[in-house]
J.: 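The structure follows.
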Amino acid sequence: MRPRPFRLERFFAEHEFSVPHLLCASDCEPVKLNELLELADTGSRVLWENLSLGYTEPAGHPLLREEIARLYRGLKPEDVLVTSGAEEAIFLLTHALLAPGDRVVYTAPAYQSLHELSRALGCEVVPWRLREGAGWDLDGLRRLAGENARAAVVNFPHNPTGYLPDEGFFRELVELCAGKGVRLVSDEVYRLLEYEPEARLPAACELDGRAVSIGVMSKAFGLAGLRIGWLASRDRELLARTAALKDYTTICASAPSETLSTIALRAKERILERNLGIIRSNLERLEPVLEEYGGLLSWHRPRAGCTGFLRLAVPADGFCRELLEGAGVLLLPGSLYPDADSFHARIGFGRRDFPAGLEALEGYLAKNYSRIQEGA
C-alpha cells in the first residue's frame, strides 16, 4: 500500500508553525492545559492527579468510552473504539472494512485520507461531487453506488465548505445506503459546531446499526494536541476487526490524553459554548469584508464548523502565494483538495487570533484590489 503524498498536510508542515497569520486553521481555539484542568469535576481531578503512565486499554479507557457514548443516542461504551486521532481511525477502518476492487463513493471535495487510503488499497474510488450552493444530489449517489458499492464515505458538517444538509436529506441518505447494503462511513468531526442547535443532524451510527461515525477531540473541542479520536458503531464485530489492526499501529492511546479528554467531555457544554462564541464573533467580522471585496471574494455561508470555502475571481494558487509573501497571511488553496477547482481557498475562523489575520488580509486587499481585479 503506497498512498500518494498528503498534499494538504505537507502544505501545513511547511507553513503552519512559521506564518504570522494562519487564516485557514481547521480547528477551534486550542484549550490551554490549565484552562482544561479548571473545568475538571472532582472525580476527573482525582483521575488526573493519580494518573499512572503505563499502557492503557487498547479499546480506550472505560470512562472515556462512556463519555464518548453519551454523545450518541442508544450507544453504549462497547460501541466505541478510541484511536490516536481521527487519522488513525480512518486508516484502521479502511483496512478492516475494504479489499482491493471494492467500490467506494465519497463526498467531494474531501480530506484526502477519506479516499486516498482506499485508492492505495486497490479500491475503485468514485467522487460524489458537490454542486456549489446546492449540496449533494441523492440521485447522483444512487447512480454512483450502482449495485456493487461497498462503502459510502460522507462528511457533514462538511470540510471545507461548512455545508450542512437538512435532517430529511440525511435520513434519506442513511436509508439509501442501508437499502443497497452499502456501509455508511460518516466523518462527523465538526458535529456539535452547528450555529443553530436545532440544525444538528443525528449521528449516522444512531440511525443505522451498520453505519460508522468518526469523531475526534481536535475540531469542535480545540484539543488537537491530545490526538484522541474514535469510531462509534453498533457493529461490534467490525469494531473488533478494527481493534485487532490497532495492535499493529499504536496499540493503545496516550494515558494523559485519555484522562484529559474525559475531563473535556464532562465539561463539553462550556467548551463548545466558548468555541461557538469565537466562531460567531469572527463571522461577524468577516462578512463585511466579503461584502466590500465581493468582486474578488464570495462564498456560500457555512451553517456549521469553523471553515469556509471562498470562491475567488482569480486562480487561488497565485493569489494565496502572493498573499503569503505580501502580508504573511496563509489561506489554503483549494487545489490541495484533489476534487476542488483552482478558484477556491479555505478560510478558518475558529481561533481568537482571526481578527489580526483578517486585518492583515484587509490591508493587503486595500493596496492590491484594483490590480488583482484587472487580472481577473
Side-chain angles (χ1 to χ4, degrees), residues 26 68-69 71-75 79-83 85-94 96-98 102-115 117-118 123 125-128 130 135-138 140-142 144-145 149-194 199-220 229-236 238-239 242 303-305 307:
S26 65
I68 293 171
L71 299 174
Y72 306 99
R73 293 191 188 95
L75 265 67
D79 300 318
V80 174
L81 174 66
V82 174
T83 61
E87 194 70 276
E88 185 186 34
I90 296 166
F91 185 91
L92 295 175
L93 182 62
T94 298
L97 179 61
L98 300 173
D102 286 343
R103 169 173 279 212
V104 179
V105 180
Y106 66 94
T107 47
Y111 189 63
Q112 188 170 330
S113 60
L114 290 173
H115 52 88
L117 292 173
S118 301
C123 297
V125 293
V126 183
W128 179 27
L130 170 70
W136 283 265
D137 174 19
L138 285 173
L141 176 59
R142 288 187 183 92
L144 294 171
R150 172 72 168 168
V153 182
V154 302
N155 168 216
F156 302 119
H158 182 248
N159 170 17
T161 65
Y163 177 82
L164 183 66
D166 62 40
E167 185 172 331
F169 172 95
F170 192 67
R171 286 183 178 274
E172 191 174 349
L173 166 64
V174 174
E175 291 172 5
L176 189 161
C177 290
K180 284 183 168 289
V182 175
R183 178 85 63 167
L184 181 60
V185 177
S186 184
D187 175 355
E188 297 168 0
V189 299
Y190 289 97
R191 190 167 181 262
L192 308 179
L193 284 182
E194 299 80 8
R200 182 170 302 153
L201 299 176
C205 63
E206 297 172 354
L207 299 179
D208 177 16
R210 296 179 71 248
V212 184
S213 294
I214 300 171
V216 79
M217 297 303 297
S218 303
K219 306 303 184 183
W230 60 85
L231 297 170
S233 177
R234 285 175 284 156
D235 186 342
R236 295 182 185 175
L238 175 61
L239 290 184
T242 308
R303 296 182 63 208
T307 66

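Since we're looking at a predicted model, the values are computed, not measured.
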J.: Could you list the residues that satisfy ring pair (Phe, Tyr, Trp, His ring centres under 6.0 Å) with Phe170, not counting sequence neighbours?
T.: none
J.: Working to the nearest 0.5 angstrom, can you tell me the gap between Leu192 CG and Arg200 CZ?
T.: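 Rounded to the nearest 0.5 Å, the CG-CZ separation comes to 5.0 Å.
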J.: Check whether Arg234 reaches the backbone of Asp79 with its side chain - one donor and one acceptor, N or O, closer than 3.5 Å.
T.: no
J.: Is the side chain of Thr307 donor-acceptor paired with the backbone N or O of Ser26 at a distance under 3.5 Å, no angle test?
T.: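 Side chain of Thr307 to backbone of Ser26: no pair is present.
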J.: Could you check whether atom CZ of Arg236 has more than 12 heavy atoms from other residues, nucleotides or ligands sitting under 6.0 Å from it?
T.: yes
J.: Keeping Ser186 on the side-chain end and Glu188 on the backbone end, is there a donor-acceptor pair under 3.5 Å?
T.: no
J.: So, does Ser213 use its side chain to make a donor-acceptor pair with the main chain of Cys205 at under 3.5 Å?
T.: yes
J.: Would you say that Val185 contacts Val154 through its side chain, given a criterion of any heavy-atom pair below 4.5 Å between the two side chains?
T.: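 No, side chains not in contact.
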J.: Take Glu172 and Arg142 through the test salt bridge (charged side-chain N to carboxylate O under 4.0 Å, His left out) and record every step on the way to the result.
T.: CA-CA 11 Å; Glu172 191 174 349; Arg142 288 187 183 92; 3.2 Å; yes
J.: Quick check: does any side chain N or O of Arg191 sit under 3.5 Å from a backbone N or O of Ala220, one acting as donor and the other as acceptor?
T.: no
J.: Please confirm whether the backbone N or O of Leu97 pairs with a side-chain atom of Arg150, one donor and one acceptor, at under 3.5 Å?
T.: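 Checked: pair present.
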J.: Can you confirm if the aromatic rings of Trp230 and Tyr72 lie within a centre distance of less than 6.0 Å?
T.: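 Not under 6.0 Å, so no.
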J.: Please report whether the ring centroid of Trp128 lies less than 6.0 Å from that of His115.
T.: no
J.: Keeping the roles fixed (side chain from Asp137, backbone from Leu141), state whether a donor-acceptor pair exists under 3.5 Å.
T.: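 No, the answer is negative, given that no donor and acceptor are paired below the 3.5 Å cut-off.
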J.: Specify the closest pair of heavy atoms between Ser113 and Glu87, including all atoms of both residues, with the distance to one decimal.
T.: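 Heavy atoms of Ser113 and Glu87 come nearest at OG-OE1, 2.7 Å.
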J.: Please report the C-alpha distance between Arg171 and Glu167 in whole Å, then the side-chain angles of each, then the deciding distance to 0.1 Å, and finally whether the salt bridge (charged side-chain N to carboxylate O under 4.0 Å, His left out) criterion is met.
T.: CA-CA 6 Å; Arg171 286 183 178 274; Glu167 185 172 331; 2.7 Å; yes
J.: Could you check whether any side-chain N or O of His158 sits under 3.5 Å from a backbone N or O of Pro109, counting only pairs where one atom can act as donor and the other as acceptor?
T.: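 Flag set: sc His158 to bb Pro109 pair under 3.5 Å.
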J.: Glu206: what forms a side chain to side chain donor-acceptor pair (under 3.5 Å) with it, not counting sequence neighbours?
T.: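 So Glu206 forms no side chain to side chain donor-acceptor pair (under 3.5 Å) with any residue.
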J.: Decide yes or no for Asn159 and Lys219: does some side-chain heavy atom of the first lie under 4.5 Å from some side-chain heavy atom of the second?
T.: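 Sidechains of Lys219 and Asn159: no contact.
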J.: May I ask you to decide if Val104's main-chain N or O and Asp102's side chain share a donor-acceptor pair within less than 3.5 Å?
T.: no
J.: Is a side-chain donor or acceptor of Arg303 paired with a backbone partner of Leu164 at a separation under 3.5 angstrom?
T.: yes
J.: For Ala211 and Ser233, which heavy atoms make the closest approach, and how far apart are they?
T.: O-OG, 2.9 Å
J.: Could you work out, with side chain to side chain contact (heavy atoms under 4.5 Å, CB included) as the rule, every residue matching Asp166, not counting sequence neighbours?
T.: Phe169
